[in-house]
**Q** 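Before I ask anything, here is the structure I am working with.
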Amino acid sequence: MIQESSEDRHPFLKGLSKHRGAPPTVVVIFGASGDLTARKLVPAIFNLGIDNLLPGEFHLIGYGRKPIEDEAFREMMDAAIEEFSRRPLNKEIWERVRQNMTYHAGGYDEAEAFASLAARINKIEADLGRDMQRMFYISTPPSVFEPIIKNIGSSGMAQAHVHTKLASKVVVEKPFGHDLESARDLNKAINGVFEEPQVYRIDHYLGKETVQDLLVQRFGNSIFEPLWNREYIDCVQITVAESLGVGSRGGYYDSSGALRDMIQNHTMQLVALTAMEPPVSLDPESIRDEKVKVIRAIQPLELKAGGGDVVRARYTNGLVKGEPVKGYLEESGIPKDSTTETYAAMRLAINNWRWQGVPFYIRSGKRMARRASEIAIQFKRPPGILFSEGDKFNVAANTMVISIQPDEGVTIVMNSKIPGLETRTQPVKMHFRYSTTFGSNTPEAYERLILDAMVGDSTLFIRGDETEASWKLVTPVLKHWEACGEHGLQDYAAGSWGPLASERLLWERRHQWRRSG
Ligand code: NDP
Ligand code: BG6
């Protein structure tokens with residue numbers, strides 16, 4: 001019998017990538033001593049190694065201002081794998097990643113440090129005797145995004161290799177700007193150095209399995225698409241609720257708020273995928289064209305101090321899962337006179353053939369009753385002719401709920417006869433659960449996104465015009481709130497489903513928020 005060696009099980013060990021064929025790659029992470037690198041990026045790279053999805057020649061260089069020795073950096077990453085990896089340590093695979101991992105100390109605006117980084121990459125290539133794709137992952141606070149990009153450009157590292165044509169890439173973390181103008185400036189700075197196909201703007205929601213499945217649910221089934229329009233749909237409700245507060249990220253969060261942190265990016269992506277037209281193909285540009293089109297069709301929001309299409313609020317102290325928690329103003333790093341919102345809700349009108357007259361309600365908040373992200377498509381009620389008499393007939397609007405997290409799946413709410421000798425009705429639920437059908441150990445969003453960036457598939461990344469379209473919609477809201485200060489900022493108790501004022505957005509159109517989860 002032929003013994004299967006560990007190299008057969010993991011061809012990555014002998015320098016082969018079996019599946020999606022990323023070219024030999026050097027990944028440089030800027031801000032590599034930070035939280036995201038330890039919690040998400042390096043564990044994702046390790047898990048790609050386990051799945052044999054890393055290129056045979058793979059190097060990782062951490063970059064940052066702090067002077068860290070190579071071995072000390074490796075030890076930091078050992079601890080990160082131990083604590084944050086989706087799957088337990090596989091020593092052989094990790095050792096293979098680890099031995100090609102180094103750290104390069106330098107400032108983000110120091111030209112000489114970038115020149116020596118370029119020399120280091122050239123040396124790796126010379127030692128290997130081949131060109132490598134360079135992938136620059138910017139995982140620093142946004143204040144240094146632009147100097148990093150400029151220095152990558154001026155050190156010559158953004159250029160493609162002359163013979164092999166292997167191009168460089170840049171992956172940019174959120175937040176992508178803080179309003180329309182700054183997003184445009186950032187796009188300009190990036191496009192001054194990289195061509196758009198080299199740019200990968202991250203929105204980690206697009207890496208979530210359930211978000212990717214949205215396109216399959218919509219366009220891989222024939223039963224939903226005929227109903228997916230204003231003839232049959234009464235409203236759409238998108239909730240991205242977190243039970244956590246701002247934790248140790250008070251400084252960042254207070255300069256951001258729910259609208260910038262969650263609505264402009266993650267929630268707007270869910271709107272776009274739910275509402276877009278069928279793309280002509282699955283290639284990245286076709287999908288992104290449709291997303292941009294639908295975001296542009298969203299009407300400017302009506303802004304009034306005590307009404308209109310938007311609501312903002314901030315949590316006060318309360319109980320989350322039975323535990324007392326502080327209010328936002330008592331959290332560490334939050335100024336006492338802060339007017340930052342921790343909850344935002346909006347009523348969107350999409351002015352196109354498919355959606356005219358169908359409100360899209362979206363909300364996102366911290367310290368809400370529980371963690372629940374979902375898209376609920378509420379269909380119109382059937383004509384109330386047959387099952388309408390008295391309390392015998394409890395008829396609910398049919399609803400399709402796509403649950404993004406934590407209980408990933410799809411639920412359809414329909415009405416059914418209660419067994420018995422007389423006809424009584426009750427809403428019932430049909431469930432599809434990912435964990436039951438496929439098991440629960442699905443790849444993390446960052447695994448998919450890092451792999452896609454390495455192989456050059458930009459479908460799950462945000463294009464420059466897409467981010468600007470979304471900022472164009474929310475920037476007037478930010479300006480309005482800034483002008484209003486405290487005025488109009490609502491309170492909600494931590495552990496609740498948000499402020500009463502957000503119910504008004506729906507009541508005005510004879511709707512009400514679904515109880516999520
Ligand atoms: P950190 O605050 O941990 O910063 C990362 C690194 O950047 C630090 O280790 C530090 O390295 C450097 N840095 C920190 N502050 C500054 C500063 N003011 N000026 C220049 N450099 C600085 O960030 P995260 O790792 O949490 O996040 C990185 C990026 O990813 C951010 O853009 C964030 O918005 C985004 N992101 C993070 C998520 C998370 O869960 N952490 C989730 C989604 C997005 P050194 O001092 O060595 O230079
Ligand atoms: C990040 C936000 O982009 O997304 C955080 O900055 C938020 O404030 C996080 O907590 C939520 O992501 P997830 O994947 O836990 O829903």
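When reading the values below, keep in mind they use all heavy atoms of this one structure, side chains included, and skip hydrogens, waters and symmetry mates. Whatever order the structure lists them in is the order used to number ligands and atoms, beginning at 1.
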**Q** Between K66 and ligand 1, does any nitrogen or oxygen pair lie at a separation below 3.5 Å?
**A**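 For ligand 1, there is an N or O atom that lies under 3.5 Å from one belonging to K66.
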**Q** Give me the ring orientation class for F114 and Y63: parallel if the planes are under 30° apart, tilted from 30 to 60°, perpendicular past 60°.
**A** tilted
**Q** Name the option, out of G34, S143, P147, that contains the heavy atom nearest to atom 18 (N) of ligand 1.
**A**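 The residue whose heavy atom sits nearest atom 18 (N) of ligand 1 is S143.
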**Q** Just need the protein heavy atom nearest to atom 31 (C) of ligand 1, so name the residue and atom and give the distance.
**A** T140 O, 3.3 Å
**Q** Within ligand 1, which atoms have a heavy atom of V144 less than 4.0 Å away?
**A**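 Answer, ordered by atom number: 20 (C).
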**Q** Report yes or no: does Q212 contribute a side-chain atom to a donor-acceptor pair with the main-chain N or O of G207 at less than 3.5 Å?
**A** yes
**Q** So, does K40 sit close enough to ligand 1 that a heavy atom of it is under 4.0 Å from the ligand?
**A**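 Under 4.0 Å: no for K40.
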**Q** Name each N or O atom in ligand 2 that is under 3.5 Å from a protein N or O, and give the partner atom and the distance.
**A**
{"residue": "ligand 2", "atom": "3 (O)", "partner": "K174", "partner atom": "NZ", "Å": "2.8"}
{"residue": "ligand 2", "atom": "3 (O)", "partner": "H266", "partner atom": "NE2", "Å": "2.7"}
{"residue": "ligand 2", "atom": "6 (O)", "partner": "K174", "partner atom": "NZ", "Å": "2.9"}
{"residue": "ligand 2", "atom": "6 (O)", "partner": "R249", "partner atom": "NH2", "Å": "3.1"}
{"residue": "ligand 2", "atom": "6 (O)", "partner": "D261", "partner atom": "OD1", "Å": "2.6"}
{"residue": "ligand 2", "atom": "6 (O)", "partner": "D261", "partner atom": "OD2", "Å": "3.4"}
{"residue": "ligand 2", "atom": "8 (O)", "partner": "R249", "partner atom": "NH1", "Å": "3.0"}
{"residue": "ligand 2", "atom": "8 (O)", "partner": "D261", "partner atom": "OD2", "Å": "2.6"}
{"residue": "ligand 2", "atom": "8 (O)", "partner": "K366", "partner atom": "NZ", "Å": "2.8"}
{"residue": "ligand 2", "atom": "10 (O)", "partner": "E242", "partner atom": "OE1", "Å": "3.4"}
{"residue": "ligand 2", "atom": "10 (O)", "partner": "E242", "partner atom": "OE2", "Å": "2.5"}
{"residue": "ligand 2", "atom": "10 (O)", "partner": "K366", "partner atom": "NZ", "Å": "3.2"}
{"residue": "ligand 2", "atom": "12 (O)", "partner": "H204", "partner atom": "NE2", "Å": "3.2"}
{"residue": "ligand 2", "atom": "14 (O)", "partner": "H204", "partner atom": "NE2", "Å": "2.8"}
{"residue": "ligand 2", "atom": "14 (O)", "partner": "K208", "partner atom": "NZ", "Å": "2.6"}
{"residue": "ligand 2", "atom": "16 (O)", "partner": "Y205", "partner atom": "OH", "Å": "2.4"}
{"residue": "ligand 2", "atom": "16 (O)", "partner": "Q405", "partner atom": "NE2", "Å": "2.7"}

**Q** By number and element, which atoms of ligand 1 are closer than 4.0 Å to a non-hydrogen atom of R39?
**A**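 Per the distance check, 39 (C), 40 (O), 41 (N).
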**Q** Is it the side chain, the backbone, both or neither of E173 that has a heavy atom closer than 4.0 Å to ligand 1?
**A** side chain
**Q** Using a 4.0 Å cut-off to any heavy atom of G31, which atoms of ligand 1 qualify?
**A**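 Near G31, the atoms of ligand 1 are 5 (C), 6 (C), 7 (O).
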**Q** Decide whether R201 and N265 meet the rule of one side-chain donor and one side-chain acceptor closer than 3.5 Å.
**A** no
**Q** Could you tell me the residue and atom name of the protein heavy atom closest to atom 33 (C) of ligand 1, and the distance to it rounded to 0.1 Å?
**A**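 Ranked first by proximity to atom 33 (C) of ligand 1 is K174 O, 3.5 Å.
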**Q** Please state whether the rings of Y253 and Y328 are parallel, tilted or perpendicular, taking 30° and 60° as the class boundaries.
**A**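 Y253 vs Y328 ring planes: perpendicular.
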**Q** Under 4.0 Å between a side-chain nitrogen and a carboxylate oxygen: does that hold for R314 and E486?
**A** yes
**Q** Side chain or backbone of Y108 under 4.0 Å from ligand 1, or both, or neither, by non-hydrogen atoms?
**A** side chain
**Q** For atom 9 (O) of ligand 1, what's the nearest protein heavy-atom neighbour? Residue, atom name and distance, please.
**A**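 For atom 9 (O) of ligand 1, the nearest protein heavy atom is S33 OG, 2.7 Å.
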**Q** Using the side chain to side chain contact (heavy atoms under 4.5 Å, CB included) definition, which of the options I93, L48, T25 pairs with L54?
**A** L48
**Q** Does one side chain, of E468 or N187, offer a donor that lies under 3.5 Å from an acceptor on the other?
**A** yes
**Q** Donor-acceptor pairs are to be reported for all side-chain atoms of residues 477-485 against protein atoms at under 3.5 Å, with residues two or more places apart or in another chain.
**A**
none

**Q** Between side-chain atoms of residues 289-297 and protein atoms elsewhere (two or more places apart, or another chain), which donor-acceptor pairs fall under 3.5 Å?
**A**
{"residue": "D289", "atom": "OD1", "partner": "R463", "partner atom": "NH1", "Å": "2.9"}
{"residue": "D289", "atom": "OD1", "partner": "R463", "partner atom": "NH2", "Å": "2.9"}
{"residue": "E290", "atom": "OE1", "partner": "K293", "partner atom": "NZ", "Å": "3.1"}
{"residue": "K291", "atom": "NZ", "partner": "Q269", "partner atom": "OE1", "Å": "2.7"}
{"residue": "K291", "atom": "NZ", "partner": "E466", "partner atom": "OE2", "Å": "2.9"}

**Q** Side chain, backbone, both or neither: which part of D35 has a heavy atom under 4.0 Å from ligand 1?
**A** both
**Q** Name the closest protein heavy atom to atom 27 (O) of ligand 1, giving the residue it belongs to and the distance to 0.1 Å.
**A** L36 CB, 3.9 Å
**Q** Of all residues at least two apart in sequence or in a different chain, which pass the ring pair (Phe, Tyr, Trp, His ring centres under 6.0 Å) check with F73?
**A** Y103
**Q** With a 4.5 Å cut-off on side-chain heavy atoms, are F461 and V199 touching?
**A** no
**Q** Would you please say whether a donor-acceptor pair under 3.5 Å links the side chains of D254 and T340?
**A**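 T340 and D254 do have a side-chain donor-acceptor pair below 3.5 Å.
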**Q** Which ligand 1 atoms does P141 reach within 4.0 Å, using its non-hydrogen atoms?
**A** 4 (O), 7 (O), 13 (N), 14 (C), 15 (N), 16 (C), 22 (C)
**Q** Any luck finding a side-chain donor-acceptor pair between R288 and T459 under 3.5 Å?
**A**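 Absent: no donor and acceptor within the cut-off.
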**Q** Using only heavy-atom distances, determine whether the side chains of Y200 and D452 contain a donor-acceptor pair under 3.5 Å.
**A** no
**Q** Suppose I only count heavy atoms of G64 and a 4.0 Å limit; which atoms of ligand 1 are within that range?
**A** 47 (O), 48 (O)
**Q** For atom 19 (N) of ligand 1, what's the nearest protein heavy atom and its distance?
**A** R65 NH1, 3.5 Å
**Q** Could you tell me the residue and atom name of the protein heavy atom closest to atom 28 (C) of ligand 1, and the distance to it rounded to 0.1 Å?
**A**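 Result for atom 28 (C) of ligand 1: S139 O, 3.1 Å.
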